[in-house]
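Since the structure comes first, as C-alpha cells, the remarks are kept for the end.
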2 protein chains.
Amino acid sequence: MDVARLAGVSPSTVSRILNGTARVSDDKRDAVLAAIEKVKFAPNQMAQGLKKGRSMTIGIVVQDISSPFFDETLRGVDDGLKNTGYASVIVSGHWDAEEEADRIRLLLARKVDGIILLSGRMSDQTVLNFSTQRPIVSTGRALHTASALGFKLDNEAGAYLAVHHLIELGHRRIAFITGPANNIDAGERLAGYTRALKEAGIALDDKLIVEGNYHESSGMLAMNQLFDTHQQFTAVFAANDLTAYGARLALYRKGIRVPDDISLVGFDDLPGSSYTTPPLTTVRQPLYDIGRIATQALMRIINGEPARGEVPPLELVVRETTRRVR
Amino acid sequence: MDVARLAGVSPSTVSRILNGTARVSDDKRDAVLAAIEKVKFAPNQMAQGLKKGRSMTIGIVVQDISSPFFDETLRGVDDGLKNTGYASVIVSGHWDAEEEADRIRLLLARKVDGIILLSGRMSDQTVLNFSTQRPIVSTGRALHTASALGFKLDNEAGAYLAVHHLIELGHRRIAFITGPANNIDAGERLAGYTRALKEAGIALDDKLIVEGNYHESSGMLAMNQLFDTHQQFTAVFAANDLTAYGARLALYRKGIRVPDDISLVGFDDLPGSSYTTPPLTTVRQPLYDIGRIATQALMRIINGEPARGEVPPLELVVRETTRRVR
DNA sequence: CTGTTAGCGCTTTCAT
DNA sequence: ATGAAAGCGCTAACAG
C-alpha cells in the first residue's frame with residue numbers, strides 16, 4: 001500500500017486503522033491518517049470485497065426502470081440503505097420470468113450480498129433456489145425461510161375496499177379494467193371486485209370487465225371499448241392508477257365529467273395521483289414502506305439476524321373522483 | 001478453480017476459454033464447457049475486476065431517486081447499457097453539491113469504470129477534477145475534454161418557444177412560476193421568458209413571476225399566491241411539468257377552466273404529461289435520448305475512443321392546455 | 001502493539 | 001496449445 005510506505009508503517013497497520021480492527025499507537029495512527037489525507041486514499045472496494053467475501057452491494061430487481069410504481073419503492077430502498085455502507089445495483093426483469101432469472105444470475109456473479117425482488121414473475125421455488133446463494137427479500141409473495149422473505153399485500157381485500165366504496169355510494173353498474181391476464185395481482189384484484197359485487201347482490205356482467213395492461217394507453221382503450229359496445233355504467237374501477245389516468249382522459253375526451261357523471265377509482269396511489277384533475281380516489285399501496293422495510297429485512301438477514309418485517313395494509317384513499325350516484 | 005480440476009486442466013485454460021484469449025484444443029474446451037455447465041460456474045466479478053482493473057460497472061448520479069424526470073433518463077441509460085456487460089449503480093446527490101461530490105467519491109472507491117452525472121450541482125472544475133480518475137459524462141453543462149463530456153440543452157431557447165407560443169395566441173399577461181432560485185436551468189428559463197416578452201414589446205411585470213421549487217405543491221402554492229395578490233393574467237408558464245400539474249390543480253379548485261379561461265404550459269414533457277386532463281402543452285426535453293446518448297458516449301470514452309455525441313434540441317409540444325385568448 | 005505471510009479468485013506473462 | 005507462477009489490493013491469522 002502506498003499509504004503504508006508514506007507513513008512508514010506496514011500495510012496491516014493501515015488496514016487496522018481503516019477498519020478499527022485493533023488498537024494502534026497514537027503516533028502511527030496520526031502518521032497514517034495524515035498520509036491518507038495527503039494521497040486522498042480510499043480503499044479499493046473490489047479488493048476489499050474479494051478478501052472479505054462481502055461486496056457491500058445489493059441487487060434490486062424491478063420490472064420497469066421507468067415507472068412511478070417502482071420509483072416510489074426504490075426511494076424506500078434508498079432510505080433503507082442509508083448509513084449502511086451498501087450501494088445497490090438496479091436491474092430490470094421487464095416483466096419476464098426468464099429475463100428476471102438471467103438478471104439475478106448476473107447479480108449473483110457480481111457477488112451482491114443480497115437481493116430485493118420487486119413484483120417478481122418467477123415461481124416461488126425458483127426464488128427459493130436462488131436464495132441458497134444469497135438472501136432474497138421479495139414483494140408479492142409469502143415466503144419465510146432463513147434466507148428468503150416475502151411480503152404479500154392483500155390485493156383481493158384492496159380491490160374489495162374500492163368496489164365496496166363505490167357500492168356504498170349507490171353505484172350498481174361498475175366497470176372494471178383489469179391488469180394483464182397472466183398477472184397474479186391483477187387476478188386477485190378481479191377477485192375482490194367480484195366478491196364486493198356478489199356481497200351486494202349485484203350480478204356480475206362480463207361485458208363490464210375489459211382487459212388492460214397497467215399502462216395509461218390501455219385505460220384509454222378500455223374505456224373506448226366500453227363506450228363502443230354501448231355499456232351502461234356509472235363507475236369505473238381501474239386495476240392500477242396508470243390505467244385510471246388513461247380512463248380519465250378517455251372520459252375527458254367524451255365530455256363526460258368525473259365524478260359528476262362517472263366515478264373513477266384507481267389502485268396504487270402513485271405520487272402523482274394527488275395531483276390529477278380531479279385528485280384520484282384510489283387504493284393506497286405503501287410503496288415507500290415496502291421498499292424501506294424490505295431493505296431493512298434484507299440487511300438483517302445479511303447480518304445473520306432472523307428475518308422479519310411487516311408492511312402496512314392497503315387502504316382506501318377517498319379523494320375527488322368518486323361521488324354518490326344521483 | 002473448481003472447474004479446472006473437474007475438467008482436468010489448469011485454471012489458465014479455463015480462463016482462456018472463458019475469455020477467448022487464446023486457442024484451446026477442442027477436447028479440452030468441451031471438457032471445460034461441460035464442467036462449467038455442471039457446476040453452473042460463473043466467474044467472480046470482483047476477482048475479475050481486481051485483476052483486470054475493470055469493474056464493468058458505471059455509476060449514475062441523479063438528484064432524486066424518485067422522479068419521473070430522472071426516471072425517463074435512466075430508461076435511456078439502461079437501454080444504452082444493453083449488451084455491454086455493464087451494470088450501473090445509481091446514487092442520489094439530492095440536489096446538493098457536497099453530497100454529490102461525496103457520492104462520486106463513493107463510486108470512485110467502488111472502482112466504477114465511468115460516471116454519468118445527471119443535472120449536477122457541482123462546478124465544472126470539480127467535475128473536471130474527478131474526471132482525471134474516471135471518465136465522466138454530464139448533462140446540463142458544456143464540457144469537452146478527453147475524459148469529460150457534457151451535454152447542454154438550450155433552456156433559454158426552450159422557454160422562449162413556450163412563451164412565444166403563448167404570445168402568438170394573443171396572451172399578453174403571462175405569469176411565470178420559476179424553479180429554485182439557485183438552479184441554473186431555472187435561471188435560463190426565466191431569461192427565455194423575459195426575452196420573448198421583450199421581443200413582443202410586453203413590459204415585464206415582477207408580480208407575475210413567482211418562485212417555485214419544481215414540485216407539484218409549489219405550483220399550487222404559486223397559483224394561489226397569484227390569486228391572493230389579485231394578479232391579472234390569461235396564461236401561466238411553469239418552469240417544469242410537475243409545477244404545471246400543481247398549478248393545474250389550483251386552477252381546478254378555483255373552478256377556472258384550462259385552457260378556456262387560462263392557458264398553461266409546462267417544461268420537460270414527462271411521460272405523464274400526455275395523460276393529464278387536459279393533456280399538457282409543454283417544452284419537450286429528450287430525456288430518454290439524453291440518457292441513451294450519454295451512456296453511449298461514456299462507453300466510447302471507456303473503450304478509448306474519442307468522446308462524442310449530440311442530443312436532439314428542445315421542442316414545443318402543443319397539446320390541449322393552450323388556446324387563443326378571446 | 002505491529003510486521004510478516006498467506007491468500008481471496010481470477011488473468012496473464014513466461015516457459016515449454 | 002497449455003501449465004506454472006506471479007500478482008491485482010486488501011485483510012486476517014500468526015508471530016513476536
Side-chain angles (χ1 to χ4, degrees), chain A residues 1-36 38-57 85-87 105-113 133-134, chain B residues 1-36 38-57 85-87 105-113 133-134:
Chain A
M1 231 185 275
D2 216 30
V3 174
R5 270 194 300 91
L6 226 159
V9 301
S10 79
S12 329
T13 304
V14 176
S15 171
R16 283 192 264 261
I17 293 173
L18 249 23
N19 297 287
T21 319
R23 324 183 44 80
V24 173
S25 69
D26 285 354
D27 50 338
K28 304 221 170 195
R29 149 170 283 108
D30 291 347
V32 170
L33 256 23
I36 288 179
K38 176 138 180 259
V39 203
K40 299 212 173 311
F41 173 82
N44 181 327
Q45 286 234 22
M46 283 195 296
Q48 265 189 184
L50 182 58
K51 177 68 200 184
K52 297 203 205 181
R54 271 209 176 197
S55 61
M56 295 309 283
T57 304
Y86 269 86
R105 275 184 280 268
L106 278 178
L107 291 174
L108 258 13
R110 281 177 181 276
K111 298 295 166 195
V112 295
D113 296 337
Q133 307 196 45
R134 287 292 190 260
Chain B
M1 233 184 271
D2 215 29
V3 175
R5 272 194 298 94
L6 225 158
V9 301
S10 79
S12 329
T13 304
V14 176
S15 172
R16 285 192 261 260
I17 293 174
L18 249 22
N19 297 288
T21 319
R23 323 183 47 82
V24 173
S25 69
D26 286 354
D27 49 338
K28 303 219 171 195
R29 150 170 282 106
D30 291 348
V32 170
L33 257 22
I36 287 179
K38 176 138 181 255
V39 205
K40 299 209 173 313
F41 174 82
N44 180 328
Q45 287 234 21
M46 283 196 296
Q48 267 190 182
L50 182 58
K51 179 69 205 185
K52 298 203 203 179
R54 270 207 176 199
S55 61
M56 296 307 284
T57 305
Y86 269 87
R105 275 185 279 268
L106 277 177
L107 291 174
L108 257 15
R110 282 178 180 276
K111 299 295 165 194
V112 294
D113 295 337
Q133 307 197 43
R134 287 292 189 262

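Residue numbering restarts at 1 for every chain, and letters A, B, ... go by the order of the sequence lines.
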B:Ala35 and B:Leu6: which non-hydrogen atoms are nearest, and at how many Å?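 In terms of heavy atoms, the two residues are closest at CB-CB, 4.1 Å.
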Side chain of [X], backbone of [Y]: donor and acceptor closer than 3.5 Å?
X        : Y        : answer
B:Arg110 : A:Thr57  : no
B:Arg134 : B:Leu107 : no
B:Ser55  : B:Lys111 : yes

Mind jotting down which residue pairs meet the salt bridge (Lys or Arg N to Asp or Glu O under 4.0 Å) criterion with at least one end in residues 4-21 of chain B? Sequence neighbours excluded, please.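 Checked against salt bridge (Lys or Arg N to Asp or Glu O under 4.0 Å) - neighbours excluded - the pairs reaching residues 4-21 of chain B are B:Asp2-B:Arg5.
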CZ/B:Arg23 to NZ/B:Lys28 distance, rounded to the nearest 0.5 angstrom?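 Those atoms lie 15.0 Å apart.
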By a strict heavy-atom criterion of less than 4.0 Å, which residues belonging to residues 41-53 of chain B are in contact with DNA chain D?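 The answer is B:Leu50, B:Lys51.
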Heavy atoms within less than 4.0 Å of DNA chain D: which residues of residues 6-20 of chain B have one? Give them sorted by number.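 The answer is B:Val9, B:Ser10, B:Ser12, B:Thr13, B:Arg16.
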Using the C1' atoms of five pairs at each end, what's the angle between the two axes of the helix from C:dC1-D:dG16 to C:dT16-D:dA1, to 10 degrees?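 Nearest ten degrees gives 40° for this helix.
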With sequence neighbours excluded, tell me which residues meet side chain to side chain contact (heavy atoms under 4.5 Å, CB included) with A:Ile17.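 Only A:Thr13, A:Val24, A:Arg29, A:Val32, A:Leu33 meet the side chain to side chain contact (heavy atoms under 4.5 Å, CB included) criterion with A:Ile17.
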Partners passing side chain to side chain contact (heavy atoms under 4.5 Å, CB included) against B:Ala31 (at least two apart in sequence or in another chain):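 Applying side chain to side chain contact (heavy atoms under 4.5 Å, CB included) to B:Ala31 gives B:Ala7.
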Which two nucleotides bound the region of DNA chain C that has atoms under 4.0 Å from heavy atoms of chain A, read 5' to 3'?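 Footprint of chain A along DNA chain C, 5' to 3': C:dC1 to C:dG9.
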Looking at side-chain heavy atoms only, is the closest gap between B:Val3 and B:Val9 below 4.5 Å?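 They are not in contact (no side-chain heavy atoms under 4.5 Å apart), so the answer is no.
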Going by the rule side-chain hydrogen bond (donor to acceptor under 3.5 Å, both in side chains), which residues pair with A:Asp27 if we only count those two or more places apart in sequence or in a different chain?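 Here the qualifying residues are A:Ser25.
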For B:Asp30, salt bridge (charged side-chain N to carboxylate O under 4.0 Å, His left out) partners two or more places apart: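 With neighbours one apart ignored, the set is empty.
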Tabulate below the donor-acceptor pairs under 3.5 Å that side-chain atoms of residues 41-54 of chain B make, not counting sequence neighbours, or state none.
residue: B:Asn44; atom: OD1; partner: B:Met46; partner atom: N; Å: 2.7
residue: B:Asn44; atom: OD1; partner: B:Ala47; partner atom: N; Å: 3.2
residue: B:Lys52; atom: NZ; partner: B:Asn19; partner atom: OD1; Å: 3.2
residue: B:Arg54; atom: NH1; partner: B:Tyr86; partner atom: OH; Å: 3.4
residue: B:Arg54; atom: NH2; partner: B:Ile302; partner atom: O; Å: 3.3
residue: B:Arg54; atom: NH2; partner: B:Asn303; partner atom: OD1; Å: 3.2

Range on DNA chain D touched by chain A - first to last nucleotide, heavy-atom distance under 4.0 Å: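 Using the under 4.0 Å cut-off, the span is D:dG9 to D:dA13.
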